Structures are given as structure tokens and as C-alpha cells.
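Here the structure comes first, spelled out in C-alpha cells, and everything after it is commentary.
Side chains included, hydrogens not; waters and symmetry mates left out as well; all remaining heavy atoms used. Remember, it's a predicted structure, so these values are computed and weren't measured experimentally. Each residue takes its place number in the sequence, starting with 1.
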Amino acid sequence: AELYRARPHSLEQTLSLVIAGLILMVIVNVYPLVCMVMEGRPQDATLISGVGELVDQGLPAVALVVLATSLAGPALELLGLFYVLLPLVLGRRPWFMARVFRWVRRLEPWCMLEVFMLGILISATKLADDAEVIPGIALYALFALIFIMAAISASLDPGAVWGRLEVEGGAS
């Protein structure tokens, strides 16, 4: 039985998805996720404002988890993959490539954008009776980012990354 099959152009495809993911990550963090209109007053909610609100309500541990799993983890994973893949696609080897790639692979299970999206949808549903909830552009970008992150996981061939490392002179 075939145990492994190299995916042609895996690094190039994954790099293009990583670039799309980085663009979406900027949109998610710059624009509002939702706008809530309560008693005629609109209020935008961003990812960072949600973390700040959790801290203000005396839930710093929950705020830290939300920050780590919905902002820092995915951003660091995308940046790490960009750092590793761009030079490899251009025929170069980045410094500390093996360490960064190992770190990115360990970080992957901690990126939980889909759980965060589920929380947003549940909260919006519960608030629908008390306020008008208007989805923002960042909510759509977050939805797209979830699919991009899944596509990155599916298209990345770790064997191709390690193979390029071995061809160019061993591990770092």
C-alpha cells in the first residue's frame, strides 16, 4: 500500500494560501466583527475590544485564552509559515528554518478560529432579542480565514519542507 505521495507544487500552493490568510488576518483585526445597535446607539465590536471587555469584566484568564487561540496563535502560525515557505519557493533556505517549522507545527492545534466563530454566532443569536446585530466585514473575513487555515493544513506537505532542508545541507 502506498504510504506517502508527494504533492506537486505543495509549497507554492501553501504559500499563496498563507498570503491570503495574512491579508484576511489584517482585515479581521482592523475592521469590526459586528455592530450592535441597542436603544438606537450603534457600537462596533472588534476582536481586540472583545478581549479588552473580558479583562474589564474580571476574566483575564478567559481573555488570555481568547487572545492566544483566536489572534496570536493563527497570526504566529501564518507568519511562521510565510517565513519558511517564501525563501524555499525562491530557492533559498531561511535561518533557523527547522526550529521555526517545528514551532509552527506544534502551534497548529492551538489555533481555534472555528471555536471563536461559533462563540460569535451563539452570542449574536442570544443578543438578537435585545439588539440589532449587524455583521461586519471582519466577520466575513474571519469566516473565509477559517477555510483558508483548513486549506493550508490540507495543502502543506511537511515532507516537501523537510526534503528541501535535507537537500540544502542538513538540519539547523
Side-chain angles (χ1 to χ4, degrees), residues 13-87 94-156 158 161:
Q13 290 172 354
T14 306
L15 179 61
S16 65
L17 290 167
V18 167
I19 292 168
L22 287 169
I23 293 167
L24 288 170
M25 184 62 82
V26 169
I27 293 169
V28 166
N29 288 295
V30 170
Y31 293 98
L33 289 165
V34 293
C35 178
M36 294 180 288
V37 181
M38 296 178 75
E39 299 174 357
R41 293 188 327 239
Q43 183 170 354
D44 290 334
T46 63
L47 184 61
I48 295 298
S49 70
V51 171
E53 190 63 35
L54 286 169
V55 171
D56 291 345
Q57 295 200 8
L59 300 167
V62 175
L64 184 62
V65 169
V66 169
L67 183 67
T69 59
S70 62
L71 178 67
L76 291 173
E77 180 181 356
L78 289 170
L79 288 170
L81 283 171
F82 184 76
Y83 175 80
V84 169
L85 294 176
L86 181 64
W95 292 351
F96 305 109
M97 183 189 121
R99 277 190 210 152
V100 172
F101 191 62
R102 277 189 209 103
W103 175 77
V104 165
R105 300 295 291 169
R106 286 188 191 126
L107 189 62
E108 188 176 355
W110 293 98
C111 300
M112 300 183 192
L113 290 173
E114 56 281 342
V115 175
F116 184 70
M117 176 65 97
L118 185 61
I120 291 171
L121 294 175
I122 290 170
S123 298
T125 303
K126 290 188 177 243
L127 287 172
D129 293 337
D130 299 329
E132 181 182 2
V133 180
I134 304 165
I137 191 167
L139 189 64
Y140 297 111
L142 180 62
F143 187 69
L145 183 59
I146 290 169
F147 282 100
I148 292 289
M149 295 296 283
I152 288 169
S153 293
S155 71
L156 179 63
V161 174

Can you tell me how far the [atom1] atom of [X] sits from the [atom2] atom of [Y], to the nearest 0.5 Å?
X	Y	atom1	atom2	answer
Leu15	Ile152	CG	CD1	9.5 Å
Arg102	Met97	CZ	CE	9.5 Å
Ile19	Leu85	CD1	CG	9.5 Å
Ile134	Asp44	CD1	CG	9.0 Å

Legend entry - Partners passing salt bridge (Lys or Arg N to Asp or Glu O under 4.0 Å) against Glu108 (at least two apart in sequence or in another chain):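 In terms of salt bridge (Lys or Arg N to Asp or Glu O under 4.0 Å), with neighbours along the sequence ignored, Glu108 is linked to Arg105.
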
Inset, instruction - Report the C-alpha distance between Leu142 and Leu33 in whole Å, list the side-chain angles of each, state the deciding distance to 0.1 Å, and finish with yes or no for side chain to side chain contact (heavy atoms under 4.5 Å, CB included). - result: CA-CA 8 Å; Leu142 180 62; Leu33 289 165; 4.3 Å; yes

Determine all donor-acceptor pairs shorter than 3.5 Å in which one atom belongs to a side chain in residues 69-84; sequence neighbours excluded.
from  : atom 1 : to    : atom 2 : distance (Å)
Thr69 : OG1    : Val65 : O      : 2.8
Ser70 : OG     : Val66 : O      : 2.4
Tyr83 : OH     : Trp95 : N      : 3.3
Tyr83 : OH     : Trp95 : O      : 2.5

Inset, instruction - Tell me, with the steps shown, if Val34 and Leu139 meet side chain to side chain contact (heavy atoms under 4.5 Å, CB included). - result: CA-CA 7 Å; Val34 293; Leu139 189 64; 4.3 Å; yes

Inset, instruction - Run the numbers on Gln13 and Leu156 for side chain to side chain contact (heavy atoms under 4.5 Å, CB included), then give the verdict. - result: CA-CA 8 Å; Gln13 290 172 354; Leu156 179 63; over 6 Å; no

Inset, instruction - Kindly give the heavy-atom pair with the smallest separation between Leu17 and Ile148, and that separation in Å. - result: O-CG2, 3.3 Å

Inset, instruction - Measure across Leu67 and Ile48 and return the closest heavy-atom pair with its distance rounded to 0.1 Å. - result: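 Closest pair (atom of Leu67, atom of Ile48, distance): CD1-CD1, 4.5 Å.
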
Legend entry - With sequence neighbours excluded, residues passing side chain to side chain donor-acceptor pair (under 3.5 Å) with Thr14: Ser155

